[in-house]
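Please read all numbers here as calculations on a predicted model, not as lab measurements. We name chains A, B, ... by the order of the sequence lines, and we start the count at 1 in each one.
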There are 4 protein chains.
Amino acid sequence: MKIRVGVNGFGTIGKRAAWAVSKQDDMEVVGVTKTRPSFEARNAIKEGFPLFAACAEDVTEFDKAGIKTSGTLDDLISKCDIVIDTTPGGVGADYKPKYEKAGVKAIFQGGEDHSIAGISFNAIANYHESWGASFVRVVSCNTTGLCRTLYPLDKAIGIQRVIASLVRRGADPGDKKGSMLNSIEPALKLPTHHGPDVQTIMPWLKIQTMAVVTPTTLMHVHCIAVDLKREAKEDEVLGVLSKSPRVRLISGKDGVRSTGQIMELARDMGNLRGDMMDICVWKDGIKVTGNQMFYYQAIHQESDVVPENVDCIRAMCKLEQDPLKSIAKTDKAIGLAK
Amino acid sequence: MKIRVGVNGFGTIGKRAAWAVSKQDDMEVVGVTKTRPSFEARNAIKEGFPLFAACAEDVTEFDKAGIKTSGTLDDLISKCDIVIDTTPGGVGADYKPKYEKAGVKAIFQGGEDHSIAGISFNAIANYHESWGASFVRVVSCNTTGLCRTLYPLDKAIGIQRVIASLVRRGADPGDKKGSMLNSIEPALKLPTHHGPDVQTIMPWLKIQTMAVVTPTTLMHVHCIAVDLKREAKEDEVLGVLSKSPRVRLISGKDGVRSTGQIMELARDMGNLRGDMMDICVWKDGIKVTGNQMFYYQAIHQESDVVPENVDCIRAMCKLEQDPLKSIAKTDKAIGLAK
Amino acid sequence: MKIRVGVNGFGTIGKRAAWAVSKQDDMEVVGVTKTRPSFEARNAIKEGFPLFAACAEDVTEFDKAGIKTSGTLDDLISKCDIVIDTTPGGVGADYKPKYEKAGVKAIFQGGEDHSIAGISFNAIANYHESWGASFVRVVSCNTTGLCRTLYPLDKAIGIQRVIASLVRRGADPGDKKGSMLNSIEPALKLPTHHGPDVQTIMPWLKIQTMAVVTPTTLMHVHCIAVDLKREAKEDEVLGVLSKSPRVRLISGKDGVRSTGQIMELARDMGNLRGDMMDICVWKDGIKVTGNQMFYYQAIHQESDVVPENVDCIRAMCKLEQDPLKSIAKTDKAIGLAK
Amino acid sequence: MKIRVGVNGFGTIGKRAAWAVSKQDDMEVVGVTKTRPSFEARNAIKEGFPLFAACAEDVTEFDKAGIKTSGTLDDLISKCDIVIDTTPGGVGADYKPKYEKAGVKAIFQGGEDHSIAGISFNAIANYHESWGASFVRVVSCNTTGLCRTLYPLDKAIGIQRVIASLVRRGADPGDKKGSMLNSIEPALKLPTHHGPDVQTIMPWLKIQTMAVVTPTTLMHVHCIAVDLKREAKEDEVLGVLSKSPRVRLISGKDGVRSTGQIMELARDMGNLRGDMMDICVWKDGIKVTGNQMFYYQAIHQESDVVPENVDCIRAMCKLEQDPLKSIAKTDKAIGLAK
């Protein structure tokens with residue numbers, strides 16, 4: 001029998017997570033929620049996902065807009081084994097008591113604090129910590145991106161210290177509100193939360209982060225300086241990254257020099273929504289001198305955590321013990337396999 | 001036997017046109033050309049399109065990059081019944097003698113002048129003018145967009161005069177060079193070429209255009225003021241547009257208020273590359289007072305001309321006499337049918 | 001004795017209006033208000049403008065930040081003959097009863113409705129309507145820009161009808177929040193308020209407007225199509241505009257092709273804050289055919305209304321009967337004279 | 001007698017350098033050059049700077065545009081003691097033989113390689129190296145910014161190692177061409193040239209840099225991580241920076257959180273062209289833990305090197321032996337004094 005999954009919040013992450021779950025053979029989507037009758041709500045139904053109103057009061061609005069709902073969030077919860085909570089950052093905490101009371105498991109996203117669940121998740125780095133857990137947080141897009149490359153490097157070569165500057169996009173492409181037009185704005189509170197957030201997954205890692213936001217919509221770019229535990233060569237590092245799951249080596253020489261060109265590559269690859277779920281590391285932007293390594297990576301904030309949510313379900317529902325097998329299964333089903 | 005189509009220039013339009021042709025049952029892609037071994041060249045091969053070097057001299061570069069070519073443009077031409085020339089604006093004119101000498105038909109794009117072929121094409125407005133022709137120009141994205149809504153309005157209600165202001169995007173999403181950052185720049189030479197360009201399709205139409213360029217990458221937006229030949233109501237106009245091929249009515253009330261949100265809708269619809277080949281007219285942005293009509297439409301500059309190229313092949317190769325049947329066939333094959 | 005002017009709201013318009021008033025010899029700034037201890041508040045004091053807290057409750061915050069206030073808005077009002085209300089759009093209406101009760105005159109800005117005062121003001125077009133009035137609204141930057149060129153054209157040649165498309169900037173350069181990143185968004189409610197707003201100044205003018213917003217910060221650009229009452233030539237039109245106050249003819253041939261380049265010109269001219277209080281019309285972007293005229297103009301949304309506020313004070317306080325003399329006096333004092 | 005200064009290239013840097021020189025009492029501008037009759041050329045004359053055509057062939061174009069020239073570059077050189085070469089990056093090298101032949105000193109800008117002069121200049125860090133020299137390069141805006149804060153920190157506390165990520169603006173506000181719209185693009189060649197460039201001034205400093213470019217026009221932002229030679233406190237660091245010339249401490253708490261808001265502050269300060277010649281360091285964006293320090297700074301690429309050019313003249317022409325006295329004199333004359 002398939003694990004029954006509900007998705008609370010059919011927005012940027014929710015709609016992608018629902019799609020990814022629906023492609024797996026060991027889980028199914030029993031419904032998704034939406035607060036307003038937008039085009040995304042209409043689309044949920046077109047994609048075959050039963051639509052539930054987030055609150056009972058919202059039902060009238062859906063009715064007025066001619067969109068059929070299958071009940072409310074409470075109804076959805078009653079049909080689920082597990083909920084993927086993709087409500088806006090900080091809102092998940094309000095829903096937790098509801099899930100608890102109903103006795104369903106729940107996955108929160110990186111907009112919530114680690115403390116909401118006490119366990120944070122990244123498939124390659126700490127899959128087993130979530131084994132059988134009731135509540136888990138899948139870390140944010142940026143933290144996921146950092147774990148995907150730093151964990152394999154740490155395992156293969158050893159990392160002494162990381163200094164990363166995150167150059168963030170200002171909004172998602174369809175967002176109504178974004179960062180200041182024509183401005184660069186630093187995150188003044190230092191160190192930024194990204195370092196400690198990585199440490200919820202890799203507590204032993206010494207990492208410090210700074211961040212600025214820029215008026216773009218496509219991807220985050222990380223400038224990462226790593227002190228390795230020993231000397232290495234670029235070839236060795238490239239070897240490690242080329243074998244790491246959900247990491248893609250790209251090349252300026254192929255005409256992929258910017259986030260806009262990565263997104264063009266993703267569109268040409270035929271990816272649904274033009275998404276790029278892999279972390280993209282520029283091959284020709286890696287430099288290793290002695291034990292010092294420098295590299296750039298680009299993070300598709302809308303999609304990189306999507307396969308992590310699928311693996312997290314497998315860990316929490318004890319569907320698969322081997323993280324690499326879960327990753328391979330997830331990725332094959334959604335066309336992400338290397 | 002299928003019509004054999006070559007695509008000269010596998011860039012923004014070329015790669016989409018190749019895909020659209022490959023989906024039809026009465027034509028096939030026999031090859032595409034590229035000048036440099038970029039990721040787009042690699043992708044052509046992944047998609048199963050034989051790759052030809054634009055010039056003999058380019059072959060070495062492809063070899064060095066480990067990309068297999070099937071010959072040069074001359075080889076490709078010798079295999080074709082018709083070439084879709086999607087080389088950069090103004091370059092098509094240089095290739096025309098080659099096509100002529102080889103005795104193959106050719107379709108040029110809107111970056112070329114009308115005089116390159118003497119016939120310009122829009123499927124709904126003047127399909128028959130291209131019947132059996134050797135050389136035809138498919139008009140630009142903006143002109144295509146204007147014809148798609150103005151022709152049906154003119155036919156159903158009658159148009160006395162059009163004044164349109166085109167708010168252009170500054171570059172395509174993957175373009176290396178674009179318009180000035182953080183600036184709005186008017187097209188000072190008035191009237192802009194768009195009005196006369198529409199008149200290559202609808203010579204009887206009185207239309208004057210102005211244009212500005214803005215630092216965005218997603219779509220053009222047209223502000224259109226129409227003096228109709230008689231009074232009308234919004235309902236009548238909506239009725240006309242809702243029945244017009246390749247015109248989509250969208251609504252701010254559904255959360256689709258901007259070009260970013262239209263592109264998000266296109267991604268959610270599962271369209272390849274997140275394209276929106278329909279011209280999008282805002283339902284709640286139409287105003288009719290007496291015989292005066294005002295409306296906004298958004299044009300996806302990367303893709304709206306793609307189905308026009310397919311229909312143009314059918315007209316030039318005498319595959320289908322009825323434009324509406326060709327349009328329906330094209331659209332069904334690429335998932336664009338209403 | 002000088003007219004005593006208070007400025008309620010030392011933001012984008014307020015700080016410029018205070019400066020412009022301070023440069024005149026028949027009026028003086030007795031104080032300005034601010035709600036929060038920002039750098040703009042510090043700057044008010046550096047510029048020598050007594051600073052008043054908008055509310056009594058705000059005083060503590062200023063104290064904490066070490067910024068000395070001279071009292072509250074009520075104290076300021078008691079020292080004034082007239083208040084320039086430059087509070088955010090819609091907020092002016094809340095303050096009106098306060099001004100009324102204190103018996104001071106007040107000027108509102110274009111963010112308020114015409115009904116707040118019953119009289120709207122543009123120096124060149126309807127100066128005398130505000131003669132001796134207690135409450136007047138200076139129209140918005142866009143409406144001011146339209147009046148500055150349309151009124152002289154109407155007076156000299158006669159206008160039958162205007163269709164204007166406004167391409168708006170998304171935010172001021174220092175604004176925290178702006179329009180959607182990388183998107184063009186039309187103003188769906190048609191006709192937009194700009195046409196009726198011009199008619200509060202020129203009620204006889206037939207004008208219809210559309211508008212889109214773009215992610216830029218520098219200036220609005222208007223695409224204007226005018227049906228004149230008779231045939232004209234470009235030279236005649238250029239002659240009219242070259243003599244119109246606060247209209248500047250610019251030229252793409254001089255390297256001024258975009259809003260960014262106009263702003264660069266303004267900086268090079270040594271204008272305070274790099275402002276451009278003139279409406280800029282592209283000489284080489286004017287086309288006249290028979291009785292049809294097309295032109296582009298750029299509007300510096302932060303500053304074009306500033307001299308209008310000064311003239312409005314003169315009309316309301318009966319300081320000068322001749323609008324052209326007031327305009328000349330204002331402009332000379334702030335370095336704007338032709 | 002005043003030192004006679006010519007400015008070759010009246011563009012972004014040149015026009016500002018000419019202005020700054022003209023404000024000093026020990027030097028004067030004898031002329032500036034321009035290649036084309038743009039608005040900047042007209043402005044040179046309005047500002048009282050004799051205008052020279054870059055080449056003899058350009059004179060006709062100026063004549064046609066009605067702009068009076070005082071001769072050609074050769075004529076200008078014959079009147080100078082020293083030339084500030086502000087021609088585009090890489091072009092200065094072509095002019096060097098001309099200067100050499102004429103026996104005039106010359107200052108090049110950061111777009112040239114260090115080797116053009118063998119000496120690079122920053123006023124606070126290595127003033128004396130240029131004493132009496134014939135050819136000197138003033139380093140680029142970014143390198144100047146790094147030296148202005150790192151040199152004082154190194155002198156006061158000692159620096160062990162620096163890792164800096166530079167988030168660059170994509171173009172100057174009036175530039176015709178800029179970086180990719182809506183994209184972030186890393187500088188793939190690592191380490192970027194900025195580190196070695198700082199070492200032309202401070203050869204002992206261990207510094208590594210990464211860089212990305214973003215589609216903005218206002219300022220660069222640096223994310224800087226410093227390993228100090230000993231433990232320190234934020235107060236000590238703030239004390240050092242607050243006393244450093246041409247460094248300004250700004251604060252998010254005052255509403256100055258982004259580059260757009262810094263530029264707004266500069267405009268409010270009444271600075272010519274709204275420039276900010278100081279390097280701006282966010283007070284509330286400094287973090288010191290043990291011997292590790294993190295901070296952000298913003299660099300106004302159009303203007304920060306301007307006072308350095310003035311000081312460089314003083315060093316090369318032996319006008320003032322004490323760098324701090326030259327800095328103070330320069331800054332007082334242009335309104336930059338702390």
Spatial distance of atom NZ (A:K233) from atom CG (A:L238) [nearest 0.5 Å]:
13.5 Å

Heavy-atom cut-off 4.5 Å, strictly under: side chain, backbone, both or neither for A:T217 against chain D?
both

Treating A:N271 as the side-chain partner and A:D275 as the backbone partner, does any N or O pair qualify as donor plus acceptor under 3.5 Å?
yes

Side chains of D:V305 and D:Q109: closer than 4.5 Å at any heavy-atom pair?
yes

How long is the gap from OG1 on A:T143 to CD on A:E308, to the nearest 0.5 Å?
11.5 Å

From the list D:L190, D:I286, D:T214, D:L218, the residue making the most non-hydrogen contacts under 4.5 Å with chain A is D:L190

Chain A heavy atoms under 4.5 Å from D:I184: which part of the residue, side chain, backbone, both or neither?
both

Based on non-hydrogen pairs under 4.5 Å, which of A:Q208, A:K283, A:M219 is most in contact with chain D?
A:Q208

If you count heavy-atom pairs within less than 4.5 Å of chain D, which of A:G252, A:A225, A:A211, A:S179 leads?
A:A211

When A:N182, A:V167, A:L181 are compared by non-hydrogen pairs under 4.5 Å with chain D, the top option:
A:N182

Of the backbone (N, CA, C, O) and the side chain (C-beta and beyond), which part of A:I224 lies under 4.5 Å from a heavy atom of chain D, both, or neither?
backbone

Measuring heavy-atom distances to chain A, does D:M263 have an atom under 4.5 Å in its side chain, in its backbone, in both, or in neither?
neither

Which portion of D:T192 sits near chain A, non-hydrogen atoms under 4.5 angstrom
side chain

Under 3.5 Å, is there a donor-acceptor pair between the side chain of D:S120 and the main chain of D:T200?
no

Quick one: does D:S244's side chain have a donor or acceptor within less than 3.5 Å of a partner on D:V240's backbone?
yes

Check: A:N122 side chain, A:A125 main-chain N or O, donor-acceptor pair, under 3.5 Å:
yes

Answer yes or no: is there a donor N or O on one side and an acceptor on the other, between the side chain of D:Y296 and the main chain of A:A187, under 3.5 Å?
yes

Segment of D:A298 engaging chain A (4.5 angstrom heavy-atom cut-off)
neither

Which region of A:A164, side chain (C-beta onward) or backbone (N, CA, C, O), has a non-hydrogen atom less than 4.5 Å from a non-hydrogen atom of chain D, or is it both or neither?
neither

Select, from D:P215, D:P186, D:C223, the one with the greatest count of heavy-atom pairs under 4.5 Å involving chain A.
D:P186

Specify which of A:R169, A:H220, A:Q261 makes the most heavy-atom pairs with chain D at under 4.5 Å.
A:Q261

Side chain from CB out, backbone as N, CA, C, O: work out which of these in A:M180 comes under 4.5 Å of a heavy atom of chain D, or both, or neither.
side chain

So which of A:I262, A:T289, A:D227 has the biggest tally of heavy-atom pairs under 4.5 Å with chain D?
A:D227

So, D:T259 and A:E185: side-chain donor and acceptor under 3.5 Å apart, yes or no?
no

Point-to-point distance, once rounded to the nearest 0.5 Å, from CD1 of A:I299 to NE2 of A:H222:
4.5 Å

If we ignore angles and hydrogens, is there a donor and acceptor under 3.5 Å between the side chains of A:Q301 and A:D172?
yes

Bottom line for D:V212: the part with an atom under 4.5 Å from chain A's heavy atoms is side chain

So which of A:D284, A:T216, A:V213 has the biggest tally of heavy-atom pairs under 4.5 Å with chain D?
A:T216

